[in-house]
Amino acid sequence: MTTADHFTVADSAEDPEAEIWFAEPAGFTAVPLDALLPAPDSPAAEELRSALDPFLRSAPDELARQRFIDRFAQGRRLLGALREEGTVHCSIGLHRDDVGEGAVRDGSPLLSFFTVSWRATAVAPRAVTAARAVSGLGAGALIEYAELPCGPATFSESVQSPAAVEGLPRTPLAQFRAHLPHPDCKRLAVLTLSTAAVGHREQYRAILRRIADLTSFEDPWALRSATG
């Protein structure tokens, strides 16, 4: 699995209220949280209804239309739960399996899910906060401490099997996290990359590390203007 060093600058990079800047490699598509979770009766809610109308009208029958509505509602509930937990960004990764040889290297699609979330923390030096973030993890978790351009950080990695649910496969899920304390020493940014492609842990570990290396708590555009 390969990802090129190609980046597109989103409009949010120049948002005056932004508090964290990061870059995702090619293959990730952002999920528009604000557009999908608008306030009721707001102009954004009307825009969402207008955007969905062509899909509903193109459904072949009422059953298909209802299935689309149900699945869309489920997706919004999931995004709403993520937002309640402090998630400010999420994106879906789609890459082709080009690692290995023969049958292993089959070019099949690999899916992943990336999120950026904020967590409040007790006031403490940033290195202490980074260490605390991984102190309660189970014995099977892999943990690493690092000094990144944005400051001290810890990385954690684990593989979990979901609880048994009738009709659903118990597919293992690999989760990679970067815990980045903010310079105000009062909160923590958590970058999480999840995938069912457990056999590609090394590649996904590298992807998250690359994203964390490029993360900044200072506006890079302002820094560029100051030094330019």
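The chain is numbered in sequence order, starting from 1. Both backbone and side-chain heavy atoms feed into the values below; hydrogens, waters and symmetry mates do not.
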CA sep, side-chain torsions, deciding dist, call: Arg96, Ser108, side-chain contact (heavy atoms from CB on, under 4.5 Å) | CA-CA 6 Å; Arg96 286 202 173 277; Ser108 60; over 6 Å; no
Check against side-chain contact (heavy atoms from CB on, under 4.5 Å), Leu188 and Arg126 = CA-CA 9 Å; Leu188 179 77; Arg126 298 171 71 187; over 6 Å; no
Please test Leu37 against Arg76 for side-chain contact (heavy atoms from CB on, under 4.5 Å), starting from the C-alpha separation and ending with a verdict.
-> CA-CA 7 Å; Leu37 298 172; Arg76 291 189 68 208; 4.1 Å; yes
Going through the distances and angles, do Thr29 and Leu94 end up as a side-chain contact (heavy atoms from CB on, under 4.5 Å)?
-> CA-CA 8 Å; Thr29 300; Leu94 177 61; over 6 Å; no
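Residue Arg67 places its CZ atom among 12 or fewer non-hydrogen atoms of other residues, nucleotides or ligands, all under 6.0 Å distant. No more than 12 heavy atoms of other residues, nucleotides or ligands lie within 6.0 Å of CZ in Phe55, so this atom counts as exposed by the packing criterion. Applying the 6.0 Å contact sphere to CZ of Arg205 captures more than 12 heavy atoms from other residues, nucleotides or ligands.
For the pair Phe155/Ile143, no side-chain contact is recorded, criterion being any heavy-atom separation below 4.5 Å from C-beta on. Here the side chains of Ile92 and Val31 are in contact, with some heavy-atom distance below 4.5 Å. Taking 4.5 Å as the limit, some side-chain heavy atom of Arg177 sits within range of a side-chain heavy atom of His179. Here the side chains of Val88 and Trp118 are in contact, with some heavy-atom distance below 4.5 Å. For the pair Phe113/Thr192, no side-chain contact is recorded, criterion being any heavy-atom separation below 4.5 Å from C-beta on. Between Thr215 and Leu191, some side-chain heavy-atom pair lies under the 4.5 Å cut-off. Phe114 places none of its side-chain heavy atoms less than 4.5 Å from the side chain of Cys90. Looking at heavy atoms from C-beta onward, Val116 lies out of side-chain contact with Val190 at the 4.5 angstrom threshold.
Side-chain atoms of Ser58 come within 3.5 Å of backbone N or O of Pro54 as a donor-acceptor pair.
At a threshold of 4.5 Å between side-chain heavy atoms, the hydrophobic network of Ile, Leu, Val, Met, Phe, Trp and Tyr places Tyr145 and Ile211 in two separate groups. Both Ile20 and Leu148 belong to a common hydrophobic cluster when Ile, Leu, Val, Met, Phe, Trp and Tyr are linked at side-chain heavy-atom distances under 4.5 angstrom. Hydrophobic clustering, with ILVMFWY side chains joined whenever heavy atoms are under 4.5 angstrom apart, keeps Val159 apart from Phe176. The hydrophobic clustering, which links ILVMFWY residues whose side-chain heavy atoms are closer than 4.5 Å, places Leu208 and Phe217 together. Using a 4.5 Å cut-off between side-chain heavy atoms of Ile, Leu, Val, Met, Phe, Trp and Tyr, with links allowed through other members, Leu48 and Leu56 fall into the same hydrophobic cluster.
With no hydrogens or angles considered, no side-chain donor-acceptor pair links His200 and Thr195 at under 3.5 Å. Side chain to side chain, Tyr204 and Glu202 fail the donor-acceptor criterion of an N or O pair below 3.5 Å. For the residue pair Ser158 / Gln175, no side-chain donor-acceptor distance below 3.5 Å is found, with atom types taken as modelled. Counted by atom type alone, Ser117 and Thr87 present one or more donor-acceptor pairs between their side chains at under 3.5 Å. Judged purely by distance below 3.5 Å, without hydrogens or angles, the side chains of Gln66 and Asp70 pair a donor atom with an acceptor atom.
Taking the charged nitrogens against the carboxylate oxygens, Glu19 and Arg187 do have a contact shorter than 4.0 Å, which makes a salt bridge. Ion pairing between Glu144 and Arg209 holds under the 4.0 Å rule for side-chain N and carboxylate O. Between Arg83 and Asp34 a salt bridge is recorded (basic side-chain N to carboxylate O distance below 4.0 Å). The existence of a salt bridge linking Asp53 and Arg49 is excluded, since no basic side-chain nitrogen approaches an acidic carboxylate oxygen closer than 4.0 Å.
Annotation for Cys185 and Thr121: closest pair O-OG1, 4.1 Å, computed over non-hydrogen atoms. Between Ala30 and Ser91 the shortest heavy-atom distance is CA-CB, 3.6 Å. Shortest non-hydrogen contact noted between Thr171 and Ala196 is CG2-CB, 3.8 Å. Across all non-hydrogen atoms, the minimal contact from Lys186 to Val123 is CG-CG2, 3.9 Å. Among all heavy-atom pairs drawn from Ala153 and Leu180, the shortest one is CB-CD2, 3.3 Å. Across every non-hydrogen atom of Val134 and Ser156, the tightest pair is CG1-CB, 4.1 Å.
The distance between the ring centers of His95 and Phe28 falls below 6.0 angstrom.
Between atom CG of residue Leu36 and atom CG of residue Leu52 there is a gap of 8.5 Å, rounded to the nearest 0.5 Å. Considering CZ of Arg132 and OG of Ser135, their distance stands at 8.5 Å, rounded to 0.5 Å. Between Gln74 atom CD and Arg77 atom CZ the span is 5.5 Å, to the nearest 0.5 Å. With rounding to the nearest 0.5 angstrom, the CD atom of Gln203 is 12.0 Å from the OG atom of Ser112.
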